[in-house]
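Structure first, then comments.
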Number of protein chains: 2
Amino acid sequence: MADERGDLHASVAEMLRGGSQRYTKNRRDVIQILEEAERPLTIPEILEGGDGLAQSSVYRNLAVLEQTGVVHRVQSTDEWARYELAEDLTGHHHHLICSSCGSVDDFTVPPEMEESLHQVFDQVSSRTGFNPEHHRLDLVGTCARCD
Amino acid sequence: MADERGDLHASVAEMLRGGSQRYTKNRRDVIQILEEAERPLTIPEILEGGDGLAQSSVYRNLAVLEQTGVVHRVQSTDEWARYELAEDLTGHHHHLICSSCGSVDDFTVPPEMEESLHQVFDQVSSRTGFNPEHHRLDLVGTCARCD
DNA sequence: CTCAGTGCAAAGGATTTGCATGCCG
DNA sequence: CGGCATGCAAATCCTTTGCACTGAG
């Protein structure tokens with residue numbers, strides 16, 4: 001997986017081809033909007049960012065992109081689902097979730113911390129029979145705007 | 001155990017009184033069901049566990065209980081909200097979330113890990129102006145039943 | 001008596017789907 | 001050409017709300 005920004009669309013196209021999916025203009029637009037936002041977006045936000053995108057198409061395309069592993073669905077504290085580029089494309093990170101307005105921003109933790117976490121997860125999974133795919137480490141509170 | 005249960009209901013009653021709320025039979029039933037489950041439950045699951053509880057009353061009571069800090073809403077990977085007793089009543093813990101069936105179970109991590117996490121969170125919050133209330137550390141994967 | 005709590009049914013609202021049309025491969 | 005993608009509108013489904021009634025204080 002290339003991690004060069006300029007090759008984002010190429011990487012996405014390749015991932016979609018692997019899933020026998022096309023990289024259409026609508027899908028490219030959605031990816032473009034998500035890349036520029038640099039934070040998880042709601043469907044209304046994606047619709048605003050696009051030029052005449054149909055709501056149903058955005059929902060359908062996000063479903064395809066999520067199944068293909070290109071985007072990832074994020075749960076906040078409010079009722080709206082948010083979407084971001086998958087970590088394969090952006091790198092591993094975590095979320096600052098505002099319990100007041102629901103907005104989501106990214107942050108990262110030191111590599112040593114991630115390693116320690118993985119050790120704990122291995123213990124938990126061998127103890128419980130749970131088969132881990134990935135982890136979510138979110139900080140919930142109030143963002144600078146809502147304070 | 002009877003003693004622990006008695007204490008639980010007493011604690012809940014006190015928390016509700018503090019919020020000028022009554023501890024009615026319906027609310028007691030919901031708390032009872034959540035306590036016995038020992039894992040976050042969906043509304044349908046709570047309705048099954050109860051004896052003729054009305055759906056709207058469960059929704060309304062969970063809203064009251066959440067505002068009073070007695071229960072906590074948990075987001076899984078599926079569309080249903082899940083509820084559990086608040087950590088004030090059960091102790092701090094984390095969740096194993098099944099990406100296949102959406103079920104949620106509890107687990108804990110060593111205290112040293114929690115401390116390290118808090119140090120990282122303090123750094124993040126002083127850097128970003130984000131004001132943390134609590135954190136979510138979830139392990140997402142497939143549960144033993146779905147493997 | 002009074003007002004919060006309850007149950008039923010109807011309304012909300014984010015998300016999904018049916019169907020006719022357009023476009024890429 | 002053929003089938004997937006699209007857009008519009010209608011349908012879905014979890015959740016919320018209106019309203020009349022019951023019950024605790």
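Chain A is the first sequence line, chain B the second, and so forth, proteins listed ahead of strands; every chain is numbered from 1.
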Worksheet item: Is the shortest side-chain N to carboxylate O distance from B:Glu35 to B:Arg28 below 4.0 Å?
Response: no
Worksheet item: How do A:Arg27 and B:Tyr59 order along DNA chain D: which one's closest nucleotide is nearer the 5' end?
Response: A:Arg27
Worksheet item: Below 4.0 angstrom from OP1 or OP2 of D:dA9, is there any side-chain N or O of A:Gln55?
Response: no
Practice prompt. Nearest whole angstrom, please: distance from the P of D:dT22 to the NZ of B:Lys25.
Written response: 18 Å
Practice prompt. Describe the nucleic acid contact of A:Thr24 in one word from base, sugar-phosphate, nothing, applying a heavy-atom distance below 4.0 Å.
Written response: sugar-phosphate
Item to complete: Report the residue from A:Glu14, A:His9, A:Arg17 that forms a side chain to side chain donor-acceptor pair (under 3.5 Å) with A:Tyr23.
Response: A:His9
Practice prompt. Could you check how far CG of B:Leu16 sits from P of D:dG25, rounded to whole Å?
Written response: 13 Å
Fill in: Atom pair distance, as rounded to whole Å: CZ in A:Arg28 and C1' in D:dT6
17 Å
Worksheet item: How many angstroms lie between atom CG of B:Asn26 and atom CG of B:Leu62, to the nearest 0.5 angstrom?
Response: 10.5 Å
Item to complete: Can you measure from CG (A:Leu34) to CG (A:Leu41) and round to the nearest 0.5 angstrom?
Response: 5.5 Å
Discussion item. Using 0.5 Å steps for rounding, measure from the CG atom of B:Asp105 to the CG atom of B:Leu139.
Written reply: 11.5 Å
Practice prompt. Determine the interplanar angle of the B:His72 and B:His134 rings, folded into 0 to 90°, and report it as parallel if under 30°, tilted if 30 to 60°, perpendicular if over 60°.
Written response: perpendicular
Discussion item. Out of the candidates A:Asp106, A:Val71, A:Leu89, only one should pair with A:Glu84 under the side chain to side chain contact (heavy atoms under 4.5 Å, CB included) rule; please name it.
Written reply: A:Asp106
Discussion item. Reading DNA chain C from 5' to 3', where do the contacts with chain B start and stop? Cut-off is 4.0 Å to heavy atoms.
Written reply: C:dA4 to C:dA9
Worksheet entry | Within residues 60-77 of chain A: residues closer than 4.0 Å to DNA chain C (heavy atoms) | A:Arg60
Fill in: Rounded to 10 degrees, the angle between the two terminal axes of the helix from C:dC1-D:dG25 to C:dG25-D:dC1, each from five pairs
30°
Worksheet item: Is there a side-chain contact between A:Asp138 and A:Phe107 (heavy atoms, below 4.5 Å)?
Response: no
Worksheet item: Where does the angle between the aromatic ring planes of B:His118 and B:His135 fall among parallel (under 30°), tilted (30 to 60°) and perpendicular (over 60°)?
Response: perpendicular
Discussion item. What is the separation between atom CD1 on B:Ile43 and atom C1' on D:dT16, rounded to the nearest whole Å?
Written reply: 12 Å
Worksheet item: When rounded to the nearest 0.5 angstrom, what is the spacing between CG in B:Asn131 and CG in A:Leu96?
Response: 11.5 Å
Worksheet, complete the sentence: Note: for B:Leu53 and B:Glu79 on DNA chain C, the residue whose nearest nucleotide lies more 5' is B:Leu53
Item to complete: In whole angstrom, give the distance that lies between atom CD of B:Glu45 and atom C1' of D:dC14.
Response: 15 Å
Fill in: SB check B:Glu79 A:Arg73 (cutoff 4.0 Å)
yes
